[in-house]
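Remarks on the structure that follows.
The chains referred to below are lettered A, B, ... by the order of the sequence lines, with proteins before strands, and numbering in each begins at 1.
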Protein chains: 2
Amino acid sequence: MAAMARAATTSDAFNAIAEPQRRDILALLRAGERPVTDLAQELGMSQPRASKHLRVLREVGLVRVRGAGKQRLYGLDARGLRPVHEWVGGFERFWNESFDRLDTYVQDLKQTQQEE
Amino acid sequence: MAAMARAATTSDAFNAIAEPQRRDILALLRAGERPVTDLAQELGMSQPRASKHLRVLREVGLVRVRGAGKQRLYGLDARGLRPVHEWVGGFERFWNESFDRLDTYVQDLKQTQQEE
DNA sequence: TTGATGTATTCCGATATAGGAATATGATGG
DNA sequence: CCATCATATTCCTATATCGGAATACATCAA
């Protein structure tokens with residue numbers, strides 16, 4: 001294990017939601033439980049692909065499955081998103097107060113460039 | 001371009017913040033602008049490594065640089081985190097209301113398992 | 001059991017990392 | 001111009017994807 005590649009998507013929620021299609025899946029699941037085929041069709045992706053994404057989501061705990069007869073119903077378990085929300089929320093005051101800062105920042109930048 | 005790998009980290013903020021060390025860098029930058037060397041030392045990583053992470057953050061617009069003499073000061077631009085916060089926030093009521101749902105869910109699950 | 005439907009997995013190829021080491025580039029002061 | 005400090009980039013390796021296609025697995029119905 002000399003060199004390491006990117007962190008596994010299954011390592012945490014941050015990695016799991018980095019993939020747009022997985023975000024789409026999660027968004028759809030807010031409407032309620034659904035089988036893979038449904039999700040795949042609605043999102044215009046193949047069933048195996050949807051299954052793979054769901055597996056990742058399951059492994060980080062953002063999704064739960066339960067067998068319902070022949071089908072397997074996937075449901076949202078959003079608790080894992082809470083830490084993400086909180087982490088990002090820690091920057092809220094920065095994107096709000098940014099106006100002044102950025103203005104002065106941009107001025108500094110222009111000045112710097114003129115000096116070059 | 002038959003097969004595609006994972007989305008580039010430079011593609012958007014979601015991918016950029018999937019890396020823990022980049023999150024650490026962003027967190028540090030809340031205290032103010034800083035040069036690479038500072039960040040690298042504080043986070044216990046090599047300078048080239050920090051530079052690479054900063055480049056990614058710059059490319060997605062979460063960070064800005066400005067030359068200050070011999071140094072280059074990196075500063076936070078948190079505006080790109082706002083969409084992330086909003087997306088994740090769209091699940092807030094789900095991780096709050098989850099209690100009941102999960103209780104009934106778990107009951108269903110137990111029942112299902114007993115039936116197996 | 002067999003057939004049919006729904007789902008998961010495996011095999012494969014192409015790509016995008018992350019990290020280390022070495023090196024290149026940049027800017028400053030004398 | 002040169003030496004020095006600060007930073008960025010390149011080369012390399014090992015790895016972890018994502019996607020398609022084919023296939024295995026599972027469950028139900030008759």
Side-chain angles (χ1 to χ4, degrees), chain A residues 1-12 14-25 33-60 63-75 112-116, chain B residues 1-12 14-25 29 33-60 63-75 112-113 115-116:
Chain A
M1 52 173 72
M4 231 187 282
R6 190 188 223 177
T9 54
T10 63
S11 57
D12 58 16
F14 281 97
N15 279 283
I17 67 170
E19 161 67 50
Q21 303 202 288
R22 283 197 286 266
R23 291 201 296 276
D24 291 342
I25 289 177
E33 291 178 324
R34 282 212 187 181
V36 188
T37 317
D38 260 44
L39 296 168
Q41 189 178 5
E42 184 121 358
L43 295 175
M45 65 176 89
S46 71
Q47 172 267 311
R49 199 158 123 194
S51 278
K52 286 171 190 168
H53 282 315
L54 284 167
R55 183 178 189 187
V56 171
L57 292 172
R58 220 188 329 154
E59 285 176 343
V60 299
V63 145
R64 299 269 184 173
V65 216
R66 76 181 168 95
K70 202 185 297 185
Q71 294 183 324
R72 307 193 75 203
L73 292 181
Y74 282 90
T112 303
Q113 287 174 337
Q114 284 175 351
E115 287 168 356
E116 282 168 355
Chain B
M1 55 173 75
M4 231 189 280
R6 190 186 221 176
T9 53
T10 62
S11 58
D12 60 14
F14 281 97
N15 279 283
I17 66 171
E19 162 66 49
Q21 304 203 286
R22 282 196 289 266
R23 291 201 296 277
D24 291 341
I25 289 177
L29 290 179
E33 292 177 324
R34 282 211 185 181
V36 189
T37 316
D38 259 44
L39 296 169
Q41 189 178 5
E42 184 122 358
L43 295 175
M45 64 175 91
S46 71
Q47 173 266 311
R49 198 158 122 194
S51 278
K52 286 171 192 169
H53 282 313
L54 284 167
R55 183 178 189 188
V56 171
L57 292 171
R58 219 189 330 156
E59 285 176 343
V60 300
V63 146
R64 299 272 183 171
V65 216
R66 78 183 167 92
K70 203 186 294 185
Q71 294 183 322
R72 305 193 76 203
L73 292 182
Y74 282 90
T112 304
Q113 288 174 335
E115 288 168 355
E116 280 169 355

Just to be sure I understand the rule, does B/P35 reach a base, reach only the sugar-phosphate, or reach nothing, if contact means heavy atoms closer than 4.0 Å? sugar-phosphate
Sorted by position of nearest nucleotide on DNA chain D, 5' first, the leading residue of A/G69 and A/N15 is A/N15
Under 4.0 Å between a side-chain N/O of A/R72 and OP1 or OP2 of C/dA8, yes or no? yes
Under a 4.0 Å heavy-atom cutoff, the residues of residues 17-24 of chain A touching DNA chain D are A/E19, A/Q21, A/R22
Between A/K70 and A/K52, which has a closest nucleotide on DNA chain C that is more 5'? A/K70
Report yes if a donor N or O on one partner sits less than 3.5 Å from an acceptor N or O on the other, where the partners are the side chain of A/Q47 and the base of C/dA8; otherwise report no. yes
Rounded to the nearest 0.5 Å, the CZ atom of A/R22 sits from the CG atom of A/L43 at a distance of 13.0 Å
Do any side-chain nitrogens or oxygens of A/Y74 fall under 4.0 Å of OP1 or OP2 in C/dA8? yes
Just to confirm, is there a sub-4.0 Å distance from OP1 or OP2 of D/dA8 to any side-chain nitrogen or oxygen of B/R55? no
Residues in salt bridge (charged side-chain N to carboxylate O under 4.0 Å, His left out) with A/R34, at least two apart? A/E42
Taking only residues two or more places apart in sequence, or in another chain, which ones meet B/R58 in a salt bridge (charged side-chain N to carboxylate O under 4.0 Å, His left out)? none
With sequence neighbours excluded, tell me which residues meet side-chain hydrogen bond (donor to acceptor under 3.5 Å, both in side chains) with B/S46. none
side-chain contact (heavy atoms from CB on, under 4.5 Å) involving A/Q21 - partner list, sequence neighbours excluded: A/E19, A/M45, A/R49, A/H53
In whole Å, what is the span from the CG atom of A/L43 to the C1' atom of D/dG19? 15 Å
My understanding is that only residues two or more places apart in sequence, or in another chain, count here; which of them pass salt bridge (charged side-chain N to carboxylate O under 4.0 Å, His left out) with B/R55? B/E59
